J.: 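Let me give you the structure first, and then I'll get to my questions.
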Amino acid sequence: MLTLKQILTQIRPEDWFLSMDLKDAYFHIQIAPCHRPFLRFAFEGVAYQYTVLPFGLSFYEVRRRGSFSGFLDYPASGGIFQAGDFTYPQSISEDARPHGRCLLSHSPGPASGVQLGTTSRRKVVLTDASSSGLGALHEGNPAYGSWTTHERRLHISLSGPEDLPASLEGISSPSPVGLFNNTTVVAYINHQGSLRFNQGADMLSRDNVAPGEWRLHPQMVQMIWLVFGKAEVDLFASEDNCHCPTYFSKQRDALAHDWPNTRLYAFPPIALLPQVIRLIVEMSSSNPNTNEDPSASTPAAVSMTPSALETSAAADKLLMVHSVDLLKSKDGQNRLKHHTDTYFSDKMIIRRGQTFQMWIEFSRPFSPKSDKLQLQLKLDPIFTSHSGILISVPLVDVLEDGCWEMKIVEQKDKRVRLAVNTLPTASIGRYRVTVDSFSPRGRLLFPCTPNDIYMLFNPWCEDDPVYLDKEAERKEYVLNSMGRIYYGTEQQIGGRTWNFAQFEQDILEACLFLLEKGEVAMTEWRDPVIVSRMVSALVNSNDDRGVLRGNWSNNYEGGTSPTAWSGSGDILRPYYKSSGTPVKFGQCWVYAGVTTSVLRCLGIPTRCVTNFSSAHDTDLSLTTDVYLDENLELLKDETSDSVWNFHVWNESWMTRPGLPAGYGGWQVVDATPQELSEGSYRCGPTPVSAIRNGQVDLKFDTPFVFAEVNSDRIYWQKTPDGSLTQVHVEKSSIGHQISTKAVGSDERVDITHLYKYPEGSEEERIAVETASRFGSKPTLYPLPTDNDVSIKIVMDGAGPHIGGDAKLSIVLKNTSPKQRTASLLYEVMVMYYTGVLKDIVKKDRIPIVLTPQETKTIPWTLQYEEYMNYLVDQGALMLTVTGRVDQTKQILATQFNFRLRTPDLILSPLEDAVVGKELTVKITFQNPLSQVLKNVLFRVEGLGMQSVRKIEHGDVEKLATVTLMEKFVPTVSGSQKLLASMDCRLLTQVHGFADIVVKPE
């Protein structure tokens, strides 16, 4: 196999590379016909066999008899043991003789397929092969062997279980058969990396096993602890083989540094034994009172006591971690400030983008001058062996937003309290914590297990993509564990209460278990778009053994009727405790309830939404089609579209940075398995605002959701020659009374207006016809006879200022020799800088008459009084203009984003700047709003200052001018900049600077 080093030698300038996912290509590797009978299974009474190499488990015949008695206790009555990539059943039916075709082939053999017999015991053997030989581990017992000269010439893939070394032989069976579980191959293909759980077998298979990587069996170590007491520091260890919570991180560190004054344990490499013994003798002779400590008897071999090693000066300098307190109690400041105090779990649960605090107790007082400290946070999978993420958190003097950092905020003798910053875009999940301490005498690592940190999305953090600005909505869509789900018909709407149970026992663990089943890299767990899309696929079990198996048959034997469920806890807990066995049964409201539970538990604001008269478009026509014969009787076989009395899905709140501005906010997420989306049964996230405007070209699954709420129901008659004629259209029969629970109450709220314009309005028809252009019947609606009118929005100069009227222009140009008329609808909405639309500020209609060849400019004004109570963030707004030309039916549509400019701070030096002399700078600010600015804060930095100067000014009256006189003493000559900014809730992005030339003293 080529190594990376060899590949790099072949790279030349201007070479280019292609990355390809081989997961599906792997199925193109054919299996030899003579081996296909060993890859068979039965399903619903039919026997099948693989004709190409499968993922997961498949059978392989072992061609030798005998036993593995010296290695395994294998029951004579039958059983299975797993050897790395092999699992051996003791007996197998030899009756089925299937024939192969395609990916899976049907076997004409007995319906029973392959019989594995009764499993009385399961034994696991980890194996790995290399170019040198084969290694295996079973319950800590190693075995290995080398290839012969002939076997070394063969490709490694040709080495099968018949090549297991003699030391593993001993399993007696009349017909042993191997069962492949090629998880290692899958890991390499999908993630380009190996799996850490099989490192021992991998090392055994090679000739050059590092002796320093071995350790005593844990049971032997426990016996040593019983005799001599439990040691606190492992002198020769690594993360994978340490027996103590603290250890020296490299083999030779223990010889290069002084040892701490505590009970020590050492299991050094054989090559280092003479040096270790020599050091023990020297230290013992220099301290004749070694055995006076009654609590520390001298252990055998190299298990050592602190008194035998003590040197007081060195012990004072080594920085050991004695304990770590993550302050994780439910009523403590971390859980309360992070709004995680309602989780049943007593683990450390926090939200990203927010600071948390922790205490560390050392062996001596921490010295900022000579000691260093950092945290290692490792996002590791809990239930699988996928690759994780390692984050180093440095110790700094001043915390900055948007960085992994920590700061000492309090020190009491040997204890320090840390404030730790987390990123608002960090991957969610369980992080293992290790304290990494540095001192002049060495480095020590202190794993904090089982004190792990569970990190969630944070709707309270403005920089998190799931941020919600209203506390009432955060309490409803994240913290409320009870909700209402609506059902019935649009004339008879019923409601039922649902227990989302997102904070109950085992639910958080179940949600993380579910994410790991998604087989998406943990680096993607930072993105709510990817996480919500993954959850929509995993809540149903159609193609990935997800949570719920659907059933619409009215026969629920062997499971629970969908109408019997009243909450998600009794669904998620059994699924988690059974390691992923789908729960029976679910329908749309159950899928929606469970999806709400999972996403709220992970921190994504989510609600259940019910659409009455909900269409199911099966051919991407974006219409609901009904087919009739010549006698107007329904053609059932050809009418595949349907209309459900009601359908329940979810909406989740997030930004959509990959889409144009204006499409963040509520996104449809639907876990009910209806149609495939990119190869899986999933739907969303789909921008609700895109559905409203008919923008079905935006990701994800917008055409399908649009058809659910706003498709026309079209009746087609089939003529004798087989052609179809449109005989009737219902334009307002789909998508009514779209409902969700109100914020803070159990009332039903109709949100149909978020999904579409009023039925029959010109805007609604424009949305339908715009969407249909992207469907499988793009010419269904009449196309415009001409496209001779253009529209655009223009802004003069740098744009409007906040506090004043916003003035834009709508420019229309008629290139036709004929008159054109239209009615334009404009709508202006407040928008976050992330592209999430908030509120409609103003909407109205403008009648238009264009003479032949005329270009007309229409002034458009938004007065300050109209927008003053709506502004958010950085004063961003979006103006949307739509209409239709009466004569040609041409659709006119355009959008324009603009912001209301904020005033600048004016910085004016009042004298020449000289090094070492006081300089006065005047800072001037005028409030542009007819409103009082509350709690105004100024920040000043630059000019050689080592920290930011904060000036709490208080309130600023409406339209008032503020003048600050600030004094500075420059320390460096040359061209410098002085920066200032002003911040308050009503007015942001106010700043200014001055260029100042500082003269030498």
Side-chain angles (χ1 to χ4, degrees), residues 23 41-44 46 48 54-57 103-104 183 186 381-384 386 485 498 500-502 506-507 509-520 530-599 601-602 606 608 616 644 647-650 668-685 700-701 704:
K23 185 173 182 180
F41 63 93
F43 179 70
E44 294 184 349
V46 180
Y48 297 87
F55 282 105
L57 299 177
L103 174 64
L104 293 174
T183 52
V186 175
I382 307 174
F383 312 101
T384 65
H386 296 159
I485 300 177
W498 190 271
F500 297 123
Q502 70 265 36
D506 296 327
I507 299 302
E509 290 81 359
C511 295
L512 296 179
F513 169 70
L514 194 62
L515 289 188
E516 289 191 32
K517 284 182 66 69
E519 296 186 356
V520 172
I530 294 176
V531 170
S532 61
R533 183 160 174 78
M534 182 166 49
V535 169
S536 77
L538 292 168
V539 168
N540 70 72
S541 67
N542 281 43
D543 45 24
D544 47 24
R545 288 184 60 81
V547 178
L548 273 166
R549 180 176 296 179
N551 188 340
W552 285 265
S553 68
N554 205 35
N555 179 5
Y556 307 115
E557 185 177 351
T560 301
S561 168
T563 57
W565 300 113
S566 59
S568 304
D570 285 344
I571 297 172
L572 287 169
R573 268 188 296 269
Y575 177 76
Y576 166 58
K577 291 182 177 180
S578 67
S579 298
T581 300
V583 177
K584 303 174 183 178
F585 293 103
Q587 292 183 10
C588 66
W589 65 91
V590 188
Y591 287 116
V594 172
T595 300
T596 301
S597 303
V598 174
L599 294 179
C601 181
L602 298 177
T606 304
C608 292
H616 182 171
W644 299 18
H647 179 49
V648 187
W649 58 65
N650 298 97
V668 171
V669 177
D670 191 351
T672 301
Q674 298 182 84
E675 298 292 332
L676 289 171
S677 172
E678 296 182 344
S680 296
Y681 282 97
R682 57 187 169 187
C683 182
F700 293 93
D701 309 306
F704 183 80

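The residues of the chain are indexed from 1 along the displayed sequence. No hydrogens, no waters, no symmetry mates; every other heavy atom, side chains included, goes into these values. Quantities reported herein were computed from a predicted structural model and do not represent experimental measurements.
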J.: To the nearest 0.5 Å, what is the distance between CG (Asn542) and OH (Tyr681)?
T.: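 Atom-to-atom, Asn542:CG and Tyr681:OH are 6.0 Å apart.
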J.: For Val539 versus Ala671, what's the shortest heavy-atom pair and its separation?
T.: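 Heavy atoms of Val539 and Ala671 come nearest at CB-CB, 3.8 Å.
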J.: Applying salt bridge (charged side-chain N to carboxylate O under 4.0 Å, His left out), can you list everything that pairs with Asp543, at least two apart in sequence or on another chain?
T.: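 Not a single residue meets the salt bridge (charged side-chain N to carboxylate O under 4.0 Å, His left out) criterion with Asp543.
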J.: Less than 4.5 Å apart, side chain to side chain, heavy atoms only: is that true for Ser532 and Pro685?
T.: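 Yes, at least one pair of side-chain atoms sits under 4.5 Å.
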J.: Between atom CG of Asn540 and atom CZ of Arg545, what is the distance when rounded to the nearest 0.5 Å?
T.: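 Reported value, rounded in 0.5 Å steps: 13.0 Å.
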J.: Just grab all the side chain to side chain donor-acceptor pair (under 3.5 Å) pairs involving residues 584-599, residues at least two apart or on different chains.
T.: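 Residue pairs passing side chain to side chain donor-acceptor pair (under 3.5 Å), neighbours aside: Tyr556-Gln587, Ser568-Ser597, Thr596-Asn650.
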J.: List the atom of Cys588, the atom of Trp552, and the distance in Å for their closest heavy-atom pair.
T.: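 So the two residues come closest at N-CZ2, 4.3 Å.
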J.: Answer whether the closest heavy-atom distance between the side chains of Cys608 and Phe500 falls below 4.5 Å.
T.: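 SC-SC contact between Cys608 and Phe500 confirmed.
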J.: Looking at residues at least two apart in the chain, or sitting in another chain, which of them share a side chain to side chain donor-acceptor pair (under 3.5 Å) with Ser561?
T.: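 Thr563.
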J.: What's the spacing between Leu514 CG and Ile507 CD1 if we round to 0.5 Å?
T.: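 That separation rounds to 11.0 Å.
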J.: Residues in salt bridge (charged side-chain N to carboxylate O under 4.0 Å, His left out) with Arg573, at least two apart?
T.: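 Glu504, Asp570.
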J.: At their closest point, which heavy atom of Thr672 faces which heavy atom of Val648, and how far apart are they?
T.: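 The answer is OG1-O, 4.2 Å.
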J.: Rounded to the nearest 0.5 Å, what separates atom CZ in Arg533 from atom OG in Ser677?
T.: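 Between atom CZ of Arg533 and atom OG of Ser677 there are 3.5 Å.
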J.: Would you say the side chain of Gln674 lies within less than 4.5 Å of the side chain of His647, judging by non-hydrogen atoms?
T.: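 Sidechains of Gln674 and His647: in contact.
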J.: SG of Cys511 to CG of Leu602: how many Å apart, nearest 0.5 Å?
T.: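 Going from SG on Cys511 over to CG on Leu602, the span is 5.0 Å.
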J.: My understanding is that only residues two or more places apart in sequence, or in another chain, count here; which of them pass side chain to side chain donor-acceptor pair (under 3.5 Å) with Asp544?
T.: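 Here no residue qualifies.
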J.: Between Glu675 and Arg682, does any side-chain N to carboxylate O distance fall below 4.0 Å?
T.: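 No, Glu675 and Arg682 are not salt-bridged.
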J.: Measure the shortest side-chain to side-chain distance between Trp565 and Val583 over non-hydrogen atoms and say whether it is less than 4.5 angstrom.
T.: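 Yes, at least one pair of side-chain atoms sits under 4.5 Å.
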J.: Is any side-chain heavy atom of Val547 closer than 4.5 Å to a side-chain heavy atom of Leu538?
T.: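 Answer no - side chains too far apart.
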J.: Sequence neighbours left out, what passes salt bridge (charged side-chain N to carboxylate O under 4.0 Å, His left out) with Glu557? Give chain and number order.
T.: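 Glu557 satisfies salt bridge (charged side-chain N to carboxylate O under 4.0 Å, His left out) with no residue once adjacent residues are dropped.
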J.: Under the side chain to side chain donor-acceptor pair (under 3.5 Å) criterion, do Ser553 and Asn555 qualify, and how do the steps go?
T.: CA-CA 5 Å; Ser553 68; Asn555 179 5; 5.4 Å; no
J.: Show your reasoning for whether side-chain contact (heavy atoms from CB on, under 4.5 Å) applies to Val535 and Val669.
T.: CA-CA 9 Å; Val535 169; Val669 177; 6.0 Å; no
J.: Once you round to the nearest 0.5 Å, how far does CG of Asp701 lie from CG of Asp670?
T.: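 It is 9.0 Å, given to the nearest 0.5 Å.
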J.: Taking the side chain as every heavy atom from C-beta outward, state whether Leu572 and Asp506 have any atom pair closer than 4.5 Å.
T.: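 Contact flag for Leu572/Asp506 side chains = no.
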